[in-house]
Amino acid sequence: MERLEHISQLAEIAAASVERPQLLFKHSTRCSISAAAKHRLEVDLPLLKKSMDVHYLDLILHRDVSAEIAQMFGVHHESPQVILLQNGKSMLDLSHYDIDAQSILRPLKAQADSKN
């Protein structure tokens, strides 16, 4: 996972999402649910990376970045949380126990299926 530590990275990530989906994982290092979600993502990281770039935000250290994500992409702050970006916009927002690779990949698969 690529580290997300600066607000300035968000514009780059949004621009990159036009070419390839981008996943933001907001993680609280103080939360056991977040630790479990992080573990699930790490296990499935090779699968996820086939379809998207994955970015990791320690939201305890970088609350300013977390707040900017909420504002920039129009999502309500959660922790843990994944936000899937495509074409500069949030196309999926999951939190807590809903975070798993299949749930993240589902909208991309549905898009591919609708094109066929």
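Values below: all heavy atoms of this structure, side chains included; hydrogens, waters and symmetry mates excluded.
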Legend entry - Separation between CD1 of Ile33 and OG of Ser28, rounded to the nearest 0.5 Å: 10.0 Å

Legend entry - Donor-acceptor contact present, side-chain Ser114 to main-chain Gln111, <3.5 Å: yes

Legend entry - CG on Leu48 to CG on Leu23, rounded to 0.5 Å: 6.5 Å

Inset, instruction - Decide yes or no for Ile13 and His55: does some side-chain heavy atom of the first lie under 4.5 Å from some side-chain heavy atom of the second? - result: yes

Legend entry - Residue pair His27, Ser34: steps toward the side-chain contact (heavy atoms from CB on, under 4.5 Å) verdict: CA-CA 6 Å; His27 172 59; Ser34 194; 2.6 Å; yes

Legend entry - Residue pair Gln102 / Leu47: nearest heavy atoms and the distance that separates them: NE2-CD2, 3.8 Å

Legend entry - Shortest non-hydrogen contact between Ser103 and Leu92, atoms and distance: O-CD2, 3.6 Å

Inset, instruction - Would you check if the side chain of Arg3 reaches a backbone N or O of Leu57 as a donor-acceptor pair within less than 3.5 Å? - result: no

Inset, instruction - Spell out, yes or no, whether Leu45 and Ile99 are grouped together once hydrophobic residues are joined by side-chain heavy atoms under 4.5 Å, including indirect joins. - result: yes

Legend entry - Contact summary for Pro80 and Ala37, nearest pair of heavy atoms: CG-CB, 4.0 Å

Legend entry - Minimum side-chain heavy-atom gap Leu4-His62 below 4.5 Å: no

Legend entry - Test log, rule side-chain contact (heavy atoms from CB on, under 4.5 Å), inputs His6 and Val65: CA-CA 6 Å; His6 306 283; Val65 179; 5.5 Å; no

Legend entry - Donor-acceptor contact below 3.5 Å, side chain Gln9 vs main chain Glu5: yes

Legend entry - same_hphob_cluster(Ile83, Ile60) at 4.5 Å side-chain heavy-atom cutoff: yes

Legend entry - Any Ile69 side-chain heavy atom under 4.5 Å of Leu24 side chain: yes

Inset, instruction - Mind listing the closest non-hydrogen atom pair of His77 and Ser66 along with its distance? - result: ND1-OG, 3.3 Å

Legend entry - Test side chain to side chain contact (heavy atoms under 4.5 Å, CB included) applied to Met72 - qualifying residues, sequence neighbours left out: Leu10, Ala14, Glu68

Inset, instruction - Quick one: list whatever passes ring-ring contact (aromatic ring centres under 6.0 Å, His included) with Phe73, sequence neighbours left out. - result: none

Inset, instruction - Determine, using the 4.5 Å side-chain heavy-atom cutoff (strictly less than), whether Leu41 and Met91 are members of one ILVMFWY cluster. - result: yes

Inset, instruction - State plainly whether one hydrophobic cluster holds both Leu105 and Phe25, where clusters connect Ile, Leu, Val, Met, Phe, Trp and Tyr through side-chain heavy atoms under 4.5 angstrom apart. - result: yes

Inset, instruction - Let me see the working for Gln86 and Gln22 under side-chain contact (heavy atoms from CB on, under 4.5 Å), right down to the final yes or no. - result: CA-CA 7 Å; Gln86 190 170 39; Gln22 303 290 307; over 6 Å; no

Inset, instruction - Could you grab the distance from atom CE of Met1 to atom CG of Asp53, nearest 0.5 Å is fine? - result: 13.0 Å

Legend entry - Residues Lys109, Asp113: salt bridge by 4.0 Å N-O rule: yes

Legend entry - Rounded distance [0.5 Å steps], CG in Asp58 versus CZ in Arg30: 9.0 Å

Legend entry - Crowding at CD, Glu2 (>12 non-hydrogen neighbours, <6.0 Å): no

Legend entry - Single-linkage hydrophobic cluster, 4.5 Å side-chain cutoff, Leu94 and Met52 together: yes

Inset, instruction - Scan side-chain atoms only and decide if Asp93 and Ser90 contain a donor-acceptor pair under the 3.5 Å cut-off. - result: no

Inset, instruction - Using the ring of Tyr56 (Phe, Tyr or Trp, six-membered ring only), decide whether Lys38 places NZ or CZ under 6.0 Å from its centre and within 45 degrees of its axis. - result: yes

Legend entry - For the student: nearest non-hydrogen atoms of Ser95 and Glu78, plus distance: CB-CB, 3.6 Å

